[in-house]
Student: 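Below is a structure I'd like to ask you about.
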Amino acid sequence: MAKDEQNNRMEKLVSLCKRRGFIFQSSEIYGGINGFWDYGPLGAELKRNLRDTWWKAVIRQRDDVVALDASIILHPAVWKASGHVDTFSDPMSDCLLTKSRFRSDQIEPQSGTAVWFSGARSATTGHAPERPFAVLLRKNENIEQARRLAREYYAEGSVDKTTGDWMNLELLGERQEEVVNSTRFNPSNGGLLTEPRPFNLMLKTHTGPVESDDNVAYLRPETAQAIFAQFKNVVDSTRVKVPFGIAQIGKAFRNEITPRNFIFRSREFEQMELEFFIRPDEAIELLYGNVTRWEEGADLSSPQPNWGWEMWHRYWVAERTAYYAGIGLGPDVLDYYWQQPEDLAHYARATVDILFKFPFGTEELEGIAARGDFDLRQHQKHSGKPLEVFDEELKAAASALSEDQRQAFIQKTFENRSKPETTEAEISAYCHNLFKGNYLPHVIEPSAGLDRLALAILSAAYDEEVVTSDGGKSETRTVMRFHPRVAPIKCAVLPLLKNKPALVEKAREIVQSLRSQMNVFYDESGAIGRRYRRQDEAGTPFCVTVDFDTIGENGPENEGTVTLRHRDSMTQERIPITALKARLLEATL
Ligand code: GAP
């Protein structure tokens with residue numbers, strides 16, 4: 001898609017979202033607040049349906065995943081242990097002139113002539129601030145433009161800007177330099193940016209009545225850490241056994257430097273995260289004498305006891321792909337990025353990003369990481385509480401080994417260690433712990449963003465087509481082709497005329513009969529064609545029209561039937577009211 005076409009599509013989508021009540025800018029009547037969004041009546045239903053499909057696929061339809069609903073504010077020590085306090089940051093650069101802030105790694109590289117100044121002198125005050133400043137001149141830009149910006153920069157705080165004298169500042173040490181693909185300049189005005197420096201993304205608050213360093217707390221930047229912090233409680237209070245997962249959906253907050261692309265990157269968003277705990281490969285080796293590792297074409301359809309982490313990782317990629325296909329996001333709109341060793345977080349063994357083809361480019365929708373035992377180990381260390389599990393089967397398998405076999409196992413584990421700096425003594429201690437049946441489970445983490453998914457679903461659904469109306473006129477129909485499972489309204493019930501009580505009464509009766517099982521919408525105002533168009537824009541997959549046949553005014557033949565209109569094909573069929581609910585449930589569940 002060409003850039004203009006992409007922008008155009010995105011603009012139309014954003015406009016439809018506002019017009020039809022999917023998504024509004026937060027606090028819009030006060031000018032909005034950057035990076036925050038509200039979901040309107042249709043958006044709230046859409047989001048709820050997405051949450052439900054995830055919950056069903058990840059928790060309800062499985063025996064091995066349980067749920068959690070943790071608080072948003074956790075003990076600050078959690079974020080110290082997880083590494084978020086020290087390392088959860090983006091590189092940031094500020095424009096020296098406007099103070100606008102940019103994520104350094106997202107600045108478009110620019111080429112041109114950089115004009116450098118070493119300082120300026122005020123003719124009126126004699127003040128001569130000496131600080132380097134530069135402006136990048138792009139094609140067709142004049143050097144006077146650079147000088148004007150430089151004077152503006154040096155005037156800041158050194159001369160009275162209201163007098164206009166600042167334009168007389170004498171610029172010092174001007175020199176020019178050609179630069180290629182530089183990210184040191186503000187893309188909008190060419191002004192010099194500060195050197196990149198880390199900016200922690202966690203939003204801070206204070207708990208209790210006094211604001212002090214002692215009661216700093218953070219709004220969680222991800223839901224995952226609460227799962228690790230509650231791991232032991234979940235194990236102790238349920239009958240779960242490794243391999244098993246803990247899943248939760250909830251709000252997360254990040255003080256993003258540049259929130260962008262509508263709801264794609266915002267400061268408040270919702271995550272749907274699963275931490276799936278598995279046995280370490282060494283435990284599998286002890287139990288089964290071998291570990292099944294990933295090979296191209298391996299069967300991922302049903303988990304096997306001797307699967308190693310690679311198989312579980314691939315399995316979850318396949319599971320999540322199947323989930324997306326089930327809500328209408330197939331291989332035509334998805335892609336995958338297998339992170340290269342240099343992209344990987346230091347604790348991750350492998351990470352794959354599931355990407356979606358958004359109108360503004362192909363970007364991450366969900367990340368699936370194999371995180372080893374990093375998180376539990378960190379929380380065990382920082383809290384001082386043991387988080388290991390005891391595995392009866394493992395203990396039994398290990399106790400059947402001879403001393404020689406144990407030594408050989410320790411030796412093999414040492415040779416295969418993933419970190420060369422791990423000592424023989426550490427490996428031996430680790431193996432002896434395994435022989436007793438104890439270990440920290442490893443984790444596979446499929447982590448999806450609900451708002452990103454909503455945007456993916458909205459952009460995949462958006463369509464325009466030229467249709468011919470009954471009167472023979474061509475018009476553009478805007479239709480949201482949501483999968484019926486996630487559509488905000490499943491069915492609109494429309495009496496043909498609103499001033500015919502028998503039609504209205506029958507239509508209301510139908511609404512009542514469907515309401516407990518799906519979101520139904522009743523609409524009696526306007527011509528029927530216009531009502532269909534309104535539902536097309538809302539993405540309602542089915543419209544039921546109650547007409548004179550329904551109430552028997554055209555004879556008994558079609559009495560008790562309605563027309564069922566299909567959104568995508570616009571075809572209509574007559575079906576008995578008694579068959580309606582089953583038909584709709586079959587299509588939308
Ligand atoms: N626990 C792992 C974790 O949080 P992440 O890649 O930072 O990993 C996971 O986030 C998912 O959360 C992303 O794939 C994305 O869908 C969503 N996400 C992250 N930051 C976001 C933001 N600022 N706005 C909207 N969604 C975001």
Side-chain angles (χ1 to χ4, degrees), residues 23 26 33-37 39 47 50-51 54 58 68 70 72 74 78-79 81-84 87-90 103 105-106 199-203 218-229 231 245-276 313 316-317 320 323-324 329 334-337 339 343-348 350-356 358 360 362-372 374-376 378-379 443-459:
I23 299 166
S26 166
I33 168 166
N34 196 10
F36 297 88
W37 300 93
Y39 287 78
K47 228 174 146 188
L50 292 174
R51 261 189 226 110
W54 187 91
V58 174
L68 184 74
I72 283 173
L74 311 179
V78 168
W79 306 111
S82 66
H84 284 81
T87 60
F88 189 58
S89 57
D90 278 342
R103 244 180 83 169
D105 54 349
Q106 285 175 355
F199 170 76
N200 195 292
L201 298 179
M202 282 198 294
L203 277 157
Y218 303 97
L219 305 190
R220 65 183 178 200
E222 61 171 26
T223 57
Q225 292 306 320
I227 296 181
F228 298 121
F231 172 77
I246 307 177
Q248 80 164 326
I249 299 180
K251 290 272 189 179
F253 303 81
R254 295 182 189 178
N255 198 7
E256 297 284 359
I257 300 166
T258 44
R260 65 191 170 100
N261 289 333
F262 199 26
I263 54 171
F264 177 81
R265 186 180 301 287
S266 42
R267 291 182 168 139
E268 174 177 340
F269 55 99
E270 217 164 319
Q271 286 187 315
M272 306 187 289
E273 295 199 293
L274 165 68
E275 304 304 325
F276 196 80
H313 188 225
W316 277 108
V317 177
R320 300 299 302 139
Y323 162 78
Y324 286 120
L329 305 182
L334 294 186
D335 210 341
Y336 301 84
Y337 175 68
Q339 291 192 9
D343 305 326
L344 288 176
H346 62 97
Y347 48 78
T351 299
V352 59
D353 295 334
I354 300 187
L355 312 174
F356 176 81
F358 289 100
F360 44 83
T362 301
E363 301 260 8
E364 178 184 333
L365 180 61
E366 165 163 356
I368 305 177
R371 299 172 66 105
F374 172 79
D375 303 275
L376 288 179
Q378 284 295 102
H379 287 299
V443 76
I444 308 290
E445 177 191 70
S447 168
L450 175 55
D451 309 78
R452 277 198 197 170
L453 178 56
L455 184 56
I457 290 282
L458 283 161
S459 36

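Ligands are counted one by one from 1 in listed order, and the atoms in each one are counted from 1 as well. As the structure is a prediction and not an experimental result, all values here were calculated from the model.
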Student: Taking all atoms of both residues into account, what is the closest heavy-atom pair of F269 and P221, and its distance?
Tutor: CZ-O, 4.3 Å
Student: Ring of Y324, cation from R320 - is the NZ or CZ under 6.0 Å from the centre and inside 45° of the axis?
Tutor: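 Satisfied, under 6.0 Å and within 45°.
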Student: Tell me the protein heavy atom at minimum distance from atom 8 (O) of ligand 1, and give that distance in Å.
Tutor: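 Sorting protein heavy atoms by distance from atom 8 (O) of ligand 1 puts S447 OG, 3.9 Å first.
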Student: What atoms in ligand 1 come closer than 4.0 Å to a heavy atom of A224?
Tutor: 1 (N)
Student: Might you work through the side chain to side chain donor-acceptor pair (under 3.5 Å) test for S82 and Q225, ending with a clear yes or no?
Tutor: CA-CA 7 Å; S82 66; Q225 292 306 320; 4.6 Å; no
Student: Within the 4.0 Å heavy-atom shell around E366, which atoms of ligand 1 are there?
Tutor: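 Result: 14 (O).
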Student: Decide whether the shortest distance between a heavy atom of L365 and an atom of ligand 1 is less than 4.0 Å.
Tutor: yes
Student: List the closest protein heavy-atom neighbour of atom 25 (C) of ligand 1: residue, atom name, distance to the nearest 0.1 Å.
Tutor: F264 O, 3.1 Å
Student: Check ring pair (Phe, Tyr, Trp, His ring centres under 6.0 Å) between F356 and all other residues, then give those that pass, not counting sequence neighbours.
Tutor: F358
Student: Between the side chain of H84 and the main-chain N/O of L201, is any donor-acceptor distance below 3.5 Å?
Tutor: no
Student: Checking a contact table here: which protein heavy atom is nearest atom 19 (C) of ligand 1, and how many Å away?
Tutor: R254 NH1, 3.5 Å
Student: Considering only the protein, which heavy-atom contact is closest to atom 24 (N) of ligand 1, and what is its distance?
Tutor: S266 N, 3.0 Å
Student: Specify the protein heavy atom at minimum distance from atom 14 (O) of ligand 1: its residue, its atom name, and the distance to 0.1 Å.
Tutor: E364 OE2, 2.6 Å
Student: For atom 18 (N) of ligand 1, which protein heavy atom lies nearest, and how many Å away is it?
Tutor: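 Checked against all protein heavy atoms, atom 18 (N) of ligand 1 sits closest to F269 CE1, 3.5 Å.
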Student: Going by the atom numbers of ligand 1, which of them fall below 4.0 Å from some non-hydrogen atom of E256?
Tutor: 22 (C), 23 (N)
Student: Name the option, out of Q271, R265, E222, that contains the heavy atom nearest to atom 10 (O) of ligand 1.
Tutor: Q271
Student: Answer yes or no for R452 and F264: cation-pi contact, defined as NZ/CZ to six-membered ring centre under 6.0 Å and angle to ring axis within 45°.
Tutor: yes
Student: Tell me the protein heavy atom at minimum distance from atom 17 (C) of ligand 1, and give that distance in Å.
Tutor: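 That would be G449 CA, 3.7 Å.
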Student: Can you find a pair of side-chain heavy atoms, one from E222 and one from Q271, that are under 4.5 Å apart?
Tutor: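 Sidechains of Q271 and E222: in contact.
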Student: Just which atoms of ligand 1 are under 4.0 Å from any heavy atom in E445?
Tutor: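 Per the distance check, 1 (N), 2 (C).
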Student: Applying side chain to side chain donor-acceptor pair (under 3.5 Å), run through D451 and Y39 and close with a yes or a no.
Tutor: CA-CA 10 Å; D451 309 78; Y39 287 78; 2.7 Å; yes
Student: How far is atom 15 (C) of ligand 1 from its nearest protein heavy atom, and which residue and atom is that?
Tutor: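 Ranked first by proximity to atom 15 (C) of ligand 1 is R452 NH1, 3.5 Å.
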Student: At less than 4.0 angstrom from any non-hydrogen atom of E273, what atoms of ligand 1 do you find?
Tutor: 1 (N), 2 (C), 3 (C), 4 (O)
Student: Keeping the roles fixed (side chain from Q378, backbone from A81), state whether a donor-acceptor pair exists under 3.5 Å.
Tutor: yes
Student: The criterion is ring pair (Phe, Tyr, Trp, His ring centres under 6.0 Å); which residues satisfy it with Y336, sequence neighbours excluded?
Tutor: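 With sequence neighbours excluded, Y336 shows a ring pair (Phe, Tyr, Trp, His ring centres under 6.0 Å) to no residue whatsoever.
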